[in-house]
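Notes to accompany the following structure.
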There are 2 protein chains.
Amino acid sequence: MSRTFSAPHLVNPETRNRVLACAEDLGYRPNRAARALITGRTHNIGLIIADIANPFFPPLIKAAESQARQRDYHIFIADTNEDPAAEEDLVHALAKQVDGVLLCSPRMSNSLIEQLSREVPLVVINRQVTGLPAVVMDVGQGARLAVEHLTGLGHRELALLGGPRGSWTNREIRRSATAAARTADAALTVLGPNPPTEGGGIAMAEQVRRSGATAVLAYNDLMAIGLIEGLDTLGLRVPQDVSVVGIDDIALSRLTRPKLTTVATPTAAAGRTAVDMLLQHDGSFFARAGRGGGRTTTTDDRRTTAQVTLQTELVIRDSTGVGPAAPADRPGTAAPADRPGAASSADPGSHGHADPGDATAATPEVVAS
Amino acid sequence: MSRTFSAPHLVNPETRNRVLACAEDLGYRPNRAARALITGRTHNIGLIIADIANPFFPPLIKAAESQARQRDYHIFIADTNEDPAAEEDLVHALAKQVDGVLLCSPRMSNSLIEQLSREVPLVVINRQVTGLPAVVMDVGQGARLAVEHLTGLGHRELALLGGPRGSWTNREIRRSATAAARTADAALTVLGPNPPTEGGGIAMAEQVRRSGATAVLAYNDLMAIGLIEGLDTLGLRVPQDVSVVGIDDIALSRLTRPKLTTVATPTAAAGRTAVDMLLQHDGSFFARAGRGGGRTTTTDDRRTTAQVTLQTELVIRDSTGVGPAAPADRPGTAAPADRPGAASSADPGSHGHADPGDATAATPEVVAS
DNA sequence: TTGAAAGCGCTAACAA
DNA sequence: TTGTTAGCGCTTTCAA
């Protein structure tokens, strides 16, 4: 009696118990795929990721999986290797097996995404596509905080280590960093595009030196760490000679020497939120006709395609120090212990905070001498 | 005409083309779930992971996904948060939706795993269960190489930072390290069990110091990195005062200062191999009756339950240096540049190698002065 | 070589 | 409240 599972309240408690007991005995478990065939709801979600091995993604994947399972959904994962063609194939291949797809793929064109969204409900992560639900992290705000932190420390010559061409995130960072530098009356040189990897950072060390910048904001932590390594090879010390700020706050950032000052993006929250948005939409707007007339994806035009923006935070660690134009009442020798922490009132614009998740760290994140 | 897709050779080329053209027009794609209902093969694989965010796993996940997709399979991913109960639930929940499950879960009991394997084909990773296909990395061999490397450098007092209780990997490492230390006539103190995290390493720094060991092998890189951090806080320098070796060679290991000497485990190869083993078994031994008599999992007793062991390698970087009993013809001051690299003939037992995957690194992995 | 029909495990609609 | 039936999209068998 299938009703015991699908509509338990409509069944006589006694009958239900008998069925349940029997099912227990036989080890019976409903076949979700068969159920999906008629209900049109698979209870599966697709998660398409540009590069699983990029340390930025695992926390997002973990959070999405956890949230999905809590709502009785399973996650299909797929890695596109940053290849847009693979992304499209994947969406097609998964379409019939999932109730929706979370798309974390910077490379695909907006128009293609819109087209795919007619085949299967989509939530895009870290980019914005008109008419589609999206969850983005406010890297623009983060970049602004980073620039304000650096100019507040007395840096006047900044560089931005750009990420890959065509990345939504990269555009946001660039736009916002440029604006913030202008406001603070500092110069900002944009270097790039670059591959968003450690190697990309290492390779740019020489150009950073030539640019004359005393402070650098990198597209992500991996590049920042690579840059620090490259600068080290050139004999430039961080933060004494050059300050470096990353973006993402991957786990790695607090394990390098010096510990990286970086813009923390809430990746876990993004994963959870994306799942919630998908399921919310799936429940109301994208419901499929279970029977009669085949599979109809009702893409209601009045749907509220919420675009959630998650806040970012500046985490100040050890890779940033005072610059040449530091206020006179501070020591000019950019020794790490001398630099003002963002938590001090002297630097109101930075919104910095000691990293709360680092209870085991041996040294405090923000050193206010 | 479904035959066009399932048995193209049995169909008139002209008809086939007409069907194909039509399908193209309509954007038709076969529904794999419906197909699975009758064929009994879902073309899905479950991948159950203890902790996705642990940097050890993403390369494995990525490789497994890539290999699976190449063979036209999709991957369900699930994170158990190191919780054995979750592992069992997950296997049950996924059983009907997959053709097999890759189990990367150190916590479950052997008997439970055997029981679950009657419900769905299983391949276990990094442990051995009699009668079940498994792919393990030879951490025993790796631990031996590490101990030989350390004793070759003149260390006589070693410590082993153990991992979690009940871990198969942990037992292997312990067994092998103990044997290797005995052979080399060195003392080895086992400290633990510990959580396999950075925090676990930090917390043990004090005990390591008290143990008097001049060289430490850690259960994994995360712990090794934590230990280095903890030792640093205590004023002990690595490798000058204490040598530290990790296990896994996670990406992070070459980005810390000092770069970590570690036992590289072939995680990507493990992911690929596990998929191959599952599909091989699935094709021959675990084929399900498609029709008549319901779903019968033919668990042939004569099945070849191959247990593949993948070799590990010692990667010598900067966290190991000469110890107190170093041969007289070498400088006794354990400055990094002075220590003999494994590549030198003076240290035949270590099998060390310069890391091949690190083409962009600014400094060579093995410094032979 | 092709069409027709049965049925995989399940749910939804309709009767009883 | 429960039994019965049709049919989700597909493959497989059997006839034509």
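In what follows, chains carry the letters A, B, and so on, assigned in the order in which the sequence lines appear, proteins first and then strands, with residues in each chain numbered from 1.
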Given atom CZ of A:R41 and atom P of C:dC10, what is their separation to the nearest angstrom? 18 Å
Please give, in whole Å, the distance from C:dC8 C1' to A:Y28 OH? 13 Å
Is any N or O donor-acceptor pair between the side chain of B:R3 and the base of C:dG3 shorter than 3.5 Å? yes
Rounding to a whole Å, what distance do you find between A:H9:NE2 and C:dT11:P? 14 Å
Nearest-nucleotide wise, let me know which of B:A34 and B:R16 is further upstream toward the 5' end of DNA chain C. B:R16
Whole angstrom value for the distance that separates C1' of C:dC8 from CZ of B:R32: 18 Å
Check whether any side-chain N or O of A:N12 sits under 4.0 Å from OP1 or OP2 of D:dT2, and answer yes or no. yes
Only counting residues at least two apart or in another chain, list the ones meeting side chain to side chain donor-acceptor pair (under 3.5 Å) with A:S109. A:S111
Just to verify, what does A:R29 make a side chain to side chain donor-acceptor pair (under 3.5 Å) with, not counting sequence neighbours? none
In whole angstrom, give the distance that lies between atom CZ of B:R35 and atom C1' of D:dT12. 13 Å
Terminal axes of the helix from C:dT1-D:dA16 to C:dA16-D:dT1 (five pairs each): angle between them, nearest 10 degrees: 40°
Tabulate below the donor-acceptor pairs under 3.5 Å that side-chain atoms of residues 50-59 of chain A make, not counting sequence neighbours, or state none.
{"residue": "A:D51", "atom": "OD1", "partner": "A:A53", "partner atom": "N", "Å": "3.0"}
{"residue": "A:D51", "atom": "OD1", "partner": "B:K62", "partner atom": "NZ", "Å": "2.6"}
{"residue": "A:N54", "atom": "OD1", "partner": "A:F56", "partner atom": "N", "Å": "2.9"}

In whole angstrom, what separates A:K96's NZ from D:dC8's P? 15 Å
Can you measure A:I38 atom CD1 to C:dA13 atom C1' for me and round it to whole angstrom units? 10 Å
Are B:R32 and B:H74 close enough that a side-chain donor and a side-chain acceptor fall under 3.5 Å? yes
Return the set of residues passing side chain to side chain donor-acceptor pair (under 3.5 Å) with B:T267 (not counting sequence neighbours), or none when no residue passes. none
Steps toward side-chain contact (heavy atoms from CB on, under 4.5 Å) verdict (B:H92, B:L116): CA-CA 8 Å; B:H92 283 130; B:L116 290 175; 3.7 Å; yes
State which residues pass side chain to side chain donor-acceptor pair (under 3.5 Å) with A:N126; sequence neighbours excluded, sorted by chain then number. none
Roughly how many Å is it from CG in B:N31 to P in C:dG9, rounded to a whole number? 16 Å
Would you say a side-chain N or O of A:T15 is under 4.0 Å from OP1 or OP2 of D:dT1? no
